[in-house]
Number of protein chains: 2
Amino acid sequence: MPKSRASPERSTQVDRVANRLHSAAIHLLRGLRVEDTLSGLTAPRMSVLSVLVFAGPRTLGELAAAEQVRRPTMTRLIQGLEKDSLVRRQADPTDGRVSRMHATAKGRALLLEGRARRVAALRKRLEGLSPRDLDTLDRATELMERAVQAPA
Amino acid sequence: MPKSRASPERSTQVDRVANRLHSAAIHLLRGLRVEDTLSGLTAPRMSVLSVLVFAGPRTLGELAAAEQVRRPTMTRLIQGLEKDSLVRRQADPTDGRVSRMHATAKGRALLLEGRARRVAALRKRLEGLSPRDLDTLDRATELMERAVQAPA
DNA sequence: GAAAGTAGTTAGCTACGCTAATTATCGTAT
DNA sequence: ATACGATAATTAGCGTAGCTAACTACTTTC
């Protein structure tokens with residue numbers, strides 16, 4: 001690959017943006033971490049629950065892949081969520097090895113509350129911005145999501 | 001402060017941006033997590049090291065505050081970093097209770113490599129964007145950092 | 001129906017987070 | 001000068017989260 005080379009200016013720009021975006025995302029999320037303690041749910045459990053709520057029922061292996069952890073780790077996360085009645089499992093009628101995880105009503109409610117708290121905290125911090133700045137951020141989120149999808 | 005502006009339109013916009021920004025930041029960082037395994041350093045240790053490298057020597061308590069963990073947790077993080085010769089402590093000459101942590105040359109090098117890997121991965125994903133889009137992202141990072149500073 | 005493959009669990013380890021209690025030092029007030 | 005309260009850090013002990021290796025229980029394939 002001929003290192004597609006645009007100008008050195010562009011190279012600098014991409015680099016600069018990558019660097020700053022990286023830092024900004026870290027700092028932004030760090031500031032919201034505080035809100036999570038109120039839910040009584042740990043971050044990994046919250047994250048699993050959010051997959052089940054937003055993407056629907058999933059097998060243990062699918063969840064492990066989605067969360068980028070190994071299956072034994074997911075086994076225990078699910079066990080914890082089950083004990084708190086936030087998730088239920090349902091056996092697959094055609095394949096005796098697998099069972100599908102479902103968020104319970106309680107689990108869904110807990111997740112949505114926690115998420116709302118985080119978003120509310122972020123919202124509060126954005127309140128000082130002008131409509132024009134908010135628009136910039138809005139377009140930036142679009143670009144960020146596109147970058148996530150982009151080929152590694 | 002008189003709770004300025006509360007039109008439904010603006011309310012909707014802030015809310016929308018908060019929601020999307022929250023998700024986008026999570027997704028963006030999740031995609032970069034893979035790169036970290038190569039450093040041999042765990043995320044919490046990497047983070048502590050980055051404070052020392054970019055903000056300079058700090059006491060254990062200051063580090064704990066910066067990383068939002070309790071002091072005993074920081075004690076062990078530092079012990080781990082010390083064992084790998086990534087951090088050294090230096091006694092405070094005036095106060096016998098405290099010692100200041102310094103990143104060693106090895107620690108600084110390791111951190112910068114790890115960070116470079118993450119940024120390079122992000123950079124690769126941003127390469128498809130136009131200069132105009134990059135500019136939008138650049139301005140957005142500015143706004144994000146400002147939001148982080150904003151009063152909770 | 002035996003062998004190979006797949007989904008999930010168990011066992012056992014390290015790391016990270018916490019609180020409570022302890023040690024050592026500092027500052028201050030008597 | 002000493003004694004007392006405050007502060008910095010560590011130790012002890014607990015639960016959760018991550019891993020690998022080894023196991024069980026099914027499915028698929030030949």
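Residue numbering restarts at 1 for every chain, and letters A, B, ... go by the order of the sequence lines.
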Original post:
Where the side chain of A/Thr141 meets the backbone of B/Ala24, is there a donor-acceptor pair that is under 3.5 Å apart?
Top reply: no
Original post:
Is the shortest distance from a Lys or Arg side-chain nitrogen in B/Arg117 or B/Glu113 to a carboxylate oxygen in the other one below 4.0 Å?
Top reply: no
Original post:
In terms of the nearest nucleotide of DNA chain C, which residue is placed more toward the 5' end: B/Arg76 or B/Thr94?
Top reply: B/Arg76
Original post:
Given atom CD1 of A/Ile78 and atom P of D/dT16, what is their separation to the nearest angstrom?
Top reply: 15 Å
Subject >> For atom CZ of B/Arg71 and atom C1' of C/dT19, their distance in whole Å >> reply: 13 Å
Original post:
Checking all strands, does A/Pro72 fall into the base, sugar-phosphate, or nothing category for heavy-atom contacts under 4.0 angstrom?
Top reply: base
**OP:** Using only side-chain N and O atoms of B/Arg45, determine if any of them is under 4.0 Å from OP1 or OP2 of C/dC16.
**Re:** yes
Subject >> B/Thr75 vs D/dA9: side-chain N/O to OP1/OP2 distance below 4.0 Å >> reply: no
Original post:
What is the distance from atom CZ of B/Arg146 to atom CG of A/Asp133, rounded to the nearest 0.5 Å?
Top reply: 5.5 Å
Subject >> Length of the line joining B/Asp92:CG and C/dA24:P, which is rounded to integer Å >> reply: 19 Å
Subject >> Distance, nearest 0.5 Å, that separates CG of A/Leu86 from CE of A/Met46 >> reply: 11.0 Å
Original post:
Just how far, in rounded Å, is C1' of C/dA11 from CZ of A/Arg70?
Top reply: 18 Å
Original post:
B/Leu60 has an atom CG; how far is it from atom P of C/dT23, in whole Å?
Top reply: 19 Å
Original post:
Whole-Å distance between D/dA9 C1' and B/Leu63 CG?
Top reply: 13 Å
Original post:
Does C/dT10 have OP1 or OP2 sitting under 4.0 Å from an N or O in the side chain of A/Gln79?
Top reply: yes
Subject >> Nearest-0.5 Å distance, CE of residue A/Met144 to CG of residue B/Leu122 >> reply: 9.0 Å
Original post:
Are OP1 or OP2 of D/dG18 and a side-chain N or O of B/Thr42 less than 4.0 angstrom apart?
Top reply: no
Subject >> Length of the line joining A/Leu77:CG and D/dC19:P, which is rounded to integer Å >> reply: 10 Å
Original post:
OP1 or OP2 of C/dC18 sitting under 4.0 Å from any side-chain N/O of B/Thr73?
Top reply: yes
**OP:** Report yes if a donor N or O on one partner sits less than 3.5 Å from an acceptor N or O on the other, where the partners are the side chain of A/Arg97 and the base of D/dT27; otherwise report no.
**Re:** no
Subject >> Rounded distance (Å) that lies between atom C1' of D/dA9 and atom CZ of B/Arg89 >> reply: 8 Å
